[in-house]
Amino acid sequence: MHGEYKVPGGKLVVVDVEAEGGVLRHVRVAGDFFLEPDEALDAVNGALEGAPADTGAAGLAARIDAALPEGTVMYGLTSEGVGIAVRRALAHATDWTDYDWQLVHEGPQSPALHMALDEVLTAEVAAGRRPPTLRVWEWGAPAVIIGSFQSLRNEVDPEGAARHGIEVVRRISGGGAMFVEPGNTITYSLSVPESLVQGLSFQDSYAYLDDWVLGALGDMGIRAWYQPLNDIATEQGKIAGAAQKRVVGPHGGPGAVLHHVTMSYDIDADKMLQVLRIGREKLSDKGTKSAKKRVDPLRRQTGLAREAVIARMIDSFRGRYGLSEGKVTDDELARARELARTKFGSAEWTARVP
């Protein structure tokens with residue numbers, strides 16, 4: 001069995017392993033990481049040899065740490081990363097390059113239709129009728145998007161939203177509220193087969209699916225990192241938030257994962273504060289005193305036009321994994337429009353947690 005895992009911000013770890021009699025055998029760890037001294041690699045392989053095959057990534061990492069020679073230096077590599085690569089091998093996980101990725105980047109859509117497209121396209125990936133897809137959104141109207149489990153009244157000031165013409169919609173994934181305006185926001189979705197994140201914990205899957213965009217930001221001169229559980233941050237502040245939803249496949253079979261990210265290209269902080277109810281507790285755990293300082297827009301950090309930032313992100317993804325031009329099919333669009341009408345545009349769904 002073969003497993004691969006790119007350590008977030010680090011290097012690729014490759015593991016070939018067999019499971020015999022409930023234990024790991026013939027373990028071979030490789031990759032483009034740096035490791036000193038040379039004998040440390042033998043220690044890593046030896047620590048994994050004979051480990052119970054059901055040992056979690058943390059347990060495998062502990063075995064590795066206990067076996068490493070004193071003074072071992074790892075660069076681009078972590079013990080936990082090796083453990084995750086082992087778990088992915090045992091779970092028969094797939095890799096980004098195993099797929100023919102499709103890009104969907106179409107004209108502005110209504111907020112409710114965007115919510116519906118996420119659900120429909122991810123269900124199509126789960127059913128095997130659509131390839132893994134990167135969808136870049138264009139917003140047709142300003143909106144607040146609240147998480148699946150958030151209280152509508154706790155998150156949104158209805159008077160502020162009405163005054164500024166802000167539509168409120170609820171998405172299918174968890175997480176916090178997002179304030180978006182056309183031209184000021186960069187949003188994208190990844191609809192991927194569940195096998196791509198096999199062997200990863202829920203938290204690790206966020207870092208794994210965000211890694212490509214960290215590289216794209218780095219190419220634009222922004223040193224960004226994944227900040228658990230679902231933020232992308234820089235030294236100047238948060239620039240993006242992610243959310244996920246797992247979709248079950250047909251007849252309970254292998255499913256798909258929806259991973260979507262909203263990035264602040266620019267932001268009208270005063271308007272945001274009039275629309276969102278942002279409590280002191282939420283701010284305190286970010287180590288800030290002002291909501292205006294929580295998000296630092298990409299416009300200021302890159303000096304690039306929004307369209308240029310998006311183009312560079314797409315080019316970075318294509319350079320890593322390949323990416324062909326695609327579109328939403330007529331059938332997918334019809335189903336999404338119906339969902340937007342009956343579900344995402346309905347008061348019952350939006351206020352399902354009042």
Side-chain angles (χ1 to χ4, degrees), residues 1-17 24 27-49 51 55-91 93-98 190 196-235 239-240 242 259 312-313 315-322:
M1 291 171 279
H2 180 87
E4 298 185 0
Y5 177 66
K6 185 181 181 300
V7 176
K11 300 293 185 177
L12 182 68
V13 182
V14 180
V15 173
D16 291 287
V17 62
L24 305 183
V27 183
R28 292 294 178 267
V29 177
D32 60 353
F33 49 80
F34 299 90
L35 180 62
E36 294 288 349
D38 280 353
E39 53 266 28
L41 183 60
D42 292 333
V44 171
N45 290 328
L48 298 173
E49 192 73 24
T55 306
L60 295 172
R63 290 176 68 102
I64 292 169
D65 289 337
L68 288 174
E70 186 176 352
T72 294
V73 177
M74 294 181 172
Y75 184 74
L77 173 70
T78 65
S79 298
E80 184 178 12
V82 176
I84 291 172
V86 171
R87 295 311 316 167
R88 285 175 59 75
L90 296 173
T94 54
D95 185 65
W96 295 84
T97 54
D98 292 334
L190 287 170
L196 184 63
V197 296
Q198 285 287 359
L200 299 177
S201 69
F202 191 73
Q203 177 171 318
D204 288 334
S205 71
Y206 273 83
Y208 185 68
L209 294 175
D210 281 339
D211 188 66
W212 74 274
V213 81
L214 300 184
L217 291 168
D219 292 340
M220 288 181 264
I222 298 176
R223 191 177 74 84
W225 59 85
Y226 163 72
Q227 184 169 293
L229 173 64
N230 62 333
D231 288 349
I232 297 174
T234 71
E235 292 178 352
I239 58 173
H259 179 92
R312 292 200 184 190
M313 289 171 58
D315 286 346
S316 180
F317 192 102
R318 182 178 288 114
R320 284 180 173 224
Y321 310 125

Please answer whether the main-chain N or O of [Y] pairs with a side-chain N or O of [X] as donor and acceptor at a distance below 3.5 Å.
X: R28; Y: D16; result: no
X: E49; Y: V27; result: yes
X: D98; Y: D95; result: yes
X: R88; Y: T94; result: yes

Give, for atom [atom1] of [X] and atom [atom2] of [Y], the distance between the pair rounded to the nearest 0.5 Å.
X: L60; Y: D65; atom1: CG; atom2: CG; result: 11.0 Å
X: Y5; Y: D211; atom1: OH; atom2: CG; result: 8.0 Å
X: Q227; Y: Y206; atom1: CD; atom2: OH; result: 14.5 Å
X: D32; Y: L77; atom1: CG; atom2: CG; result: 10.0 Å
X: I84; Y: E4; atom1: CD1; atom2: CD; result: 14.0 Å
X: I232; Y: L214; atom1: CD1; atom2: CG; result: 5.5 Å

Side-chain contact test, heavy atoms from C-beta onward, threshold under 4.5 Å: evaluate it for W96 versus Y208 and give yes or no.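 The answer is yes; the side chains approach within 4.5 Å.
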Could you tell me whether the side chain of L217 reaches within less than 4.5 Å of the side chain of I239, counting heavy atoms only?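 Of all side-chain heavy-atom pairs linking L217 with I239, at least one is under 4.5 Å.
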Chi angles and distances behind the side-chain contact (heavy atoms from CB on, under 4.5 Å) call for L68, M74: CA-CA 10 Å; L68 288 174; M74 294 181 172; 3.4 Å; yes
R87 with D204: basic N within carboxylate O range, under 4.0 Å: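 No salt bridge links R87 with D204.
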Strictly below 4.0 Å, N to O, side chains only: are R312 and D315 in salt-bridge contact?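 So R312 does not pair with D315 through a salt bridge.
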